[in-house]
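To find a chain, count down the sequence lines: A is the first, B the second, and so on, and within it residues start at 1.
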Number of protein chains: 2
Amino acid sequence: MKLTITEIAKLAGVSKSTVSKIINNYDDIGAETRGKVLKIMEEYGYRPTYSAQSLAKKVSNVIGVIYAGKINSDLNHPFFIEVLNAFKKVIGVEGFDLLFFSNERFNPNGEDYLARCRHYNVDGCLIIAGGEIEPSIKKLDESDIPCIGVDLELTGEHSAYIMTDNEQISTLVVDYLYLEGHREVAFIGGLPSSPISEMRADAFERGMTACGLTIRQEWMKHGDFFEQSGYERMTELLEEKDIPKAIFAVSDLMALGAIKAIRDHGYNINDFAIVGCDDILAARYSDPPLTTVKQDKEKIGHMAAMMLKDMIKDHGKPGAVKVAPELVIRSSSRIKKINS
Amino acid sequence: MKLTITEIAKLAGVSKSTVSKIINNYDDIGAETRGKVLKIMEEYGYRPTYSAQSLAKKVSNVIGVIYAGKINSDLNHPFFIEVLNAFKKVIGVEGFDLLFFSNERFNPNGEDYLARCRHYNVDGCLIIAGGEIEPSIKKLDESDIPCIGVDLELTGEHSAYIMTDNEQISTLVVDYLYLEGHREVAFIGGLPSSPISEMRADAFERGMTACGLTIRQEWMKHGDFFEQSGYERMTELLEEKDIPKAIFAVSDLMALGAIKAIRDHGYNINDFAIVGCDDILAARYSDPPLTTVKQDKEKIGHMAAMMLKDMIKDHGKPGAVKVAPELVIRSSSRIKKINS
DNA sequence: CTGAAAGCGCTTACAG
DNA sequence: CTGAAAGCGCTTACAG
């Protein structure tokens, strides 16, 4: 059924060395021989076996994909999947396939990613941050395997990283709200353990200060990026003596939760300015449509692929790249004076 | 840096055969020897190299994932990704990793999936349908590699498939609309080349007939599953002499497009009943929230994994499985008499 | 321009 | 209970 190089060689009446050289584009093979062998390979649909090739060559043409963070995490993450999609488009052209490490088998010592990379002999790794980062990622980062981090500051000899300029996200939002006339701005962040969320929180505070606005600690909240937590934090804000009139939530889902909380507690949504972050599909269709910050996932994915490719092919080592975010203004942030 | 079995054997003072047997859980190794070797392996973080193991054993512990259909398709497909996620959760526990074949390199003869599966020696394949199916999938289906199709009727000796009961989708919707008092129902399908869409169209017609309703050919439309096509088809419907009052679109995006068209053309959305299909996240947040049909993606993914696992482990061959859909009623399908 | 031979890191009868 | 040897399918100096 499955042909080997030996059989192809026999069929072509040459040695397997010759066949191998043709497969690997050596340039010292006679045109005639090459043509003959190529035809046979085509005819029988021959493809060298990966494991044999990888074992002999020490190259795999496979990129490991790791979603760093809590065990059993979801592929089903809008940012993750869009970045990955863009990444795949570029890296796929180079002939790399993608290997997803399953982390469903509970491992008390933490998943040893380095060992798995060696096990598969991957040429490089894409590591996307999600939640807390386990120590095993650090080990991989420090190894000789090229790694590209997304939203994750990799510092190893053979690593680089790329992320949205998180400072700018907060700056964009604060400046915009300030220009719209808002002075009472609350912040709903993600988990305190998330570096991304902390960068945004810090930049939010700096931006507020720069605009001469006061930061109220009781208006600085932490959620977990999901809707329910946005609902709960907003509910808390509504119970404060002073209620903020503008809210920046660092995820769209939390912003959507906040909108729901405002309505459920009998307030008029038109009296509040809500800004989310991510620009998920639902943000376009929500009621009201949600103002948000869009990350250039396409660019992040494409660049990550280029950078990783360069490291694998040894075209030097790229450094850290930050990608500019974009504010998408919809009606949730415009206070409408309908009944006044 | 990277240890081999030979070195582990040396360190433990045994032969590599013995180490190999311990790795593979042979039961004829002395407890003492086993313990000693295990400790060394643990200490050095040894993991056998995949390619060597796969080459010698002819087993890979890797599942190939194929999104059948047009070249360069997106990972970024809500149904696909949720099914895959559920699939991964179950198959991951068995220790399988997932390999995504990139299909970005243009191949005039069509991607030869079978050759790639052999190249990587995958233990089995998950094939998810999207758009037209290329002939290369058929070859894979007929091979000895276990395949599980999602939304794709695989018929090979070593294949099985699973999908939502598409007939039931239409039946649920038609019956519901009928009970709500609707008699003028239009249908916006997907691409005519999509078997899934055709199943729904056929069942829609049967359901209408069963309810004693007349099917008007000018109300049977085809879109391409995306928003814009829903907008366009709805616009056409609004230009008919008789305008249907209820619309079943076979994707949520098209339903959302239809809602936009209705508003843009100056009609009152409350006079129409719109039903989508998929239950994407945006359906919950849209204005009005969208009535839709939900596929049990979790169950489909989980079952696909179990079925594939059974075929790989040779626990018999499962057949074709259909999963029941569920109608999710929101306000887009309830005609509100506000101004009358 | 072509081929014989050693080697990649593992597994598996087989012998003891 | 343990190990020597052949083999999995390929690649790559090296010799001619």
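Between Ala56(B) and Thr18(B), the residue anchored closer to the 5' end of DNA chain D is Thr18(B), taking for each the nucleotide with the nearest heavy atom. Of the two residues contacting DNA chain D, namely Lys57(A) and Ala52(B), the nearest-nucleotide position lying further toward the 5' end is that of Ala52(B).
In this structure, Tyr50(A) reaches neither bases nor backbone, as no heavy-atom distance under 4.0 Å exists between it and the strands shown. Here Thr33(A) lies in heavy-atom contact (under 4.0 Å) with sugar-phosphate atoms only.
No option in Ile66(B), Leu152(B), Ile127(B), Ile137(B) other than Ile127(B) meets the side-chain contact (heavy atoms from CB on, under 4.5 Å) test with Cys147(B).
When the side-chain nitrogen and oxygen atoms of Tyr26(A) are compared with OP1 and OP2 of dC1(C), none of them lie within a distance under 4.0 Å. Taking only side-chain nitrogens and oxygens, Thr49(A) never comes nearer than 4.0 Å to OP1 or OP2 of dG9(D). At least one side-chain nitrogen or oxygen of Gln53(A) sits closer than 4.0 Å to the OP1 or OP2 atom of dT11(D).
Considering only the side chain of Ser15(A), dG3(C) comes nearest among dT12(C), dC10(D), dG3(C). When each of dC10(C), dC8(C), dT11(D) is scored by its nearest atom to the side-chain atoms of Leu55(A), the top-ranked nucleotide is dC8(C). Comparing atom distances between the Ile29(B) side chain and each of dT11(C), dT2(D), dG3(C) picks out dT2(D) as nearest. With distances taken from any side-chain atom of Thr4(B) to the nucleotides dT12(C), dG9(C), dT11(D), the minimum falls on dG9(C). Taking only side-chain atoms of Ser17(B), from C-beta outward, the nucleotide of dC10(D), dA4(D), dT12(D) with the closest atom is dA4(D). Minimum atom distance to the side chain of Lys21(B) is reached by dA13(C), of the listed dA13(C), dT11(D), dG9(C). Listed nucleotides: dT11(D), dA13(C), dC10(C). Nearest to the side chain of Ile23(A): dT11(D).
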Stepwise salt bridge (charged side-chain N to carboxylate O under 4.0 Å, His left out) check, Arg116(B) with Asp97(A): CA-CA 10 Å; Arg116(B) 300 187 86 183; Asp97(A) 291 309; 2.9 Å; yes

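One N or O on the side chain of His119(B) and one on the backbone of Pro48(A) form a donor-acceptor pair closer than 3.5 Å. Between the side chain of Thr49(B) and the backbone N or O of Ser51(B), no donor-acceptor pair lies under 3.5 Å.
Between the CG atom of Asn61(B) and the P atom of dT11(C) there is a distance of 12 Å, rounded to whole Å. Put simply, CE on Met41(A) is 15 Å from C1' on dG9(D), counting in whole angstrom units.
Defined by atom type and a distance below 3.5 Å, a donor-acceptor pair is missing between the side-chain atoms of Tyr161(A) and Asp151(A).
When Watson-Crick and G-U wobble pairs are counted only if both distances are under 3.5 Å, dA13(D) pairs with no nucleotide at all.
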